[in-house]
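Accompanying notes for the structure given below.
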Protein chains: 2
Amino acid sequence: MTAAIGGRRRQRSTRQGGLVRDQLAAADGFRSAQSVFSDLRARGEVIGLSTVYRHLQALADDGEADTLQTAEGEALYRLCGQTSHHHHHLVCRICGRTEEIEGRGVEQWAAQMAEQHGFTDVGHTIELLGICGACTADGTKS
Amino acid sequence: MTAAIGGRRRQRSTRQGGLVRDQLAAADGFRSAQSVFSDLRARGEVIGLSTVYRHLQALADDGEADTLQTAEGEALYRLCGQTSHHHHHLVCRICGRTEEIEGRGVEQWAAQMAEQHGFTDVGHTIELLGICGACTADGTKS
DNA sequence: CGCCTCAATGATAATGATTACCACACTTCG
DNA sequence: CGAAGTGTGGTAATCATTATCATTGAGGCG
Ligand SMILES: [Zn+2]
Ligand SMILES: [Zn+2]
Ligand SMILES: [Zn+2]
Ligand SMILES: [Zn+2]
């Protein structure tokens, strides 16, 4: 009843909205609201913390950004390539570089597990966290 | 350097430790620290919030309990059957009932993705969240 | 059993991310 | 220009978790 069927959600496009989106786009990895905020401020931009949170959530709601949570419970956001294309992430725990990955095998497995146990309406959270090639190299020498 | 190689970690066994463990064991689903605390208090037990947090983390560290995070960033704990046996969970988002699941296919997929992208030391977070048979039935009638 | 030592406890304060508020600025349109 | 309404952003409020630290109780020993 609440849902606006059409896609549009953010009705006015504002300078701050662009800033947040650009900042996210600039980084190829996941970023926290706090870090997006302080980076923007550090760059001399004038924007409020509340506004950053608002726009990040708007992006997430519109499906333009993916989110995940750190082990410490901090929410991270990332602009993702194809909107509405189901995928997962392989994130470098050092530099944050992120690869979008997918696999119908996993999706099938999830569905199968659900069915096998009589569960319905099953969604899943799948994130891979490791160390990317570049960071491995960095750590190797020295 | 800190690690005691052997299994034992909690050196003194206390009443409070038992309480926390029992409370976890009583529920078959994941429980938050706050809820374990308030349930114990509601039962008339005398225990501090700090202590509940401490014991939950100790259990998690010892591998006796698994943890996961809600979308809101709250940490949940659950005593799991076989210690040191790698598995994942299929959790009912209504009643919290939890099934332990596994699948070497998924593990292989994760490993393969990691290798394919040159990532090393890759771990994964995989949780399935749905509605169990009982809860589906409940929702159907009415 | 009584004593001693130190880990464990728990009330409380501190932290840190996120949200709620709300007065104010900027758009838009008549 | 002026009214109406959205978006902003500083600040206060939330809420889970952690840090402090004085007090308690477990266990070992004589
Ligand atoms: Zn993505
Ligand atoms: Zn998937
Ligand atoms: Zn259920
Ligand atoms: Zn696994």
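A note on names: the letters A, B, ... follow the listed sequences, proteins ahead of strands, and every chain is numbered from 1. Quantities reported herein were computed from a predicted structural model and do not represent experimental measurements.
- For A:His124 and A:His86, the gap between ring centers is short of 6.0 Å.
- Between A:Arg54 and the phosphate of C:dA20, there is no side-chain N or O to OP1/OP2 separation shorter than 4.0 Å.
- When the side-chain nitrogen and oxygen atoms of A:Gln57 are compared with OP1 and OP2 of C:dT19, one or more of them lie within a distance under 4.0 Å.
- A salt bridge links B:Asp121 and A:Arg93; the closest N-O separation between the charged side-chain nitrogens and carboxylate oxygens is under 4.0 Å.
- Atoms CG and CG, on A:Leu59 and A:Asp66 in that order, are 11.0 Å from each other to the nearest 0.5 Å.
- Distances shorter than 4.0 Å separate none of the side-chain N or O atoms of A:Thr14 from OP1 or OP2 on D:dG7.
- One can place CZ of A:Arg31 at 16 Å from C1' of C:dA17, the figure rounded to the nearest angstrom.
- On a pure distance criterion of 3.5 Å, no polar donor-acceptor pair joins the side chain of A:Arg15 and the base of D:dG7.
- C:dT19 atom C1' lies 14 Å from atom CG of A:Leu56, rounded to whole Å.
- One can place CZ of B:Phe37 at 12 Å from P of D:dA16, the figure rounded to the nearest angstrom.
- Not one side-chain nitrogen or oxygen of B:Gln16 sits closer than 4.0 Å to the OP1 or OP2 atom of C:dA8.
- Checked against C:dT18, D:dT17, C:dT9, the side chain of B:Ala33 finds its nearest nucleotide in D:dT17.
- Phosphate contact (OP1/OP2 of D:dG28, side-chain N/O of B:Arg12, threshold under 4.0 Å): absent.
- Nucleic acid contact for A:Gln34: base, since at least one base atom lies under 4.0 Å from a heavy atom of the residue.
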I'd like a table of atom pairs between the protein and nucleotides 12-15 of chain C - only N or O on both sides, under 3.5 Å - with the distance next to each one.
none

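- In this structure, B:Arg78 does not pair ionically with B:Glu64, as no charged nitrogen and carboxylate oxygen lie closer than 4.0 Å.
- Listed candidates were C:dG10, D:dG10, D:dA26. Nearest to the side chain of B:Ile47 is C:dG10.
- The distance between atom CD of B:Gln69 and atom P of C:dT18, rounded to the nearest whole Å, is 12 Å.
- In this structure, B:His55 reaches the C:dT9 phosphate: one of its side-chain N or O atoms is under 4.0 Å from OP1 or OP2.
- With rounding to the nearest 0.5 Å, the separation of CD in B:Gln23 from CG in B:Leu40 is 4.5 Å.
- In the set D:dG27, C:dT19, D:dG25, C:dT19 carries the atom at the smallest distance from any side-chain atom of A:Tyr53.
- The two residues B:Ala25 and B:Leu79 come nearest to each other via the heavy atoms CB-CD1, 3.8 Å.
- For the pair A:Leu19 CG and D:dG9 C1', the interatomic distance rounds to 14 Å; values are reported in whole Å.
- The CD atom of B:Glu74 sits 12 Å away from the P atom of D:dT18 (whole-angstrom rounding).
- Side-chain atoms of B:Gln69 come within 3.5 Å of backbone atoms of A:Ala71 as a donor-acceptor pair (strictly under, hydrogens ignored).
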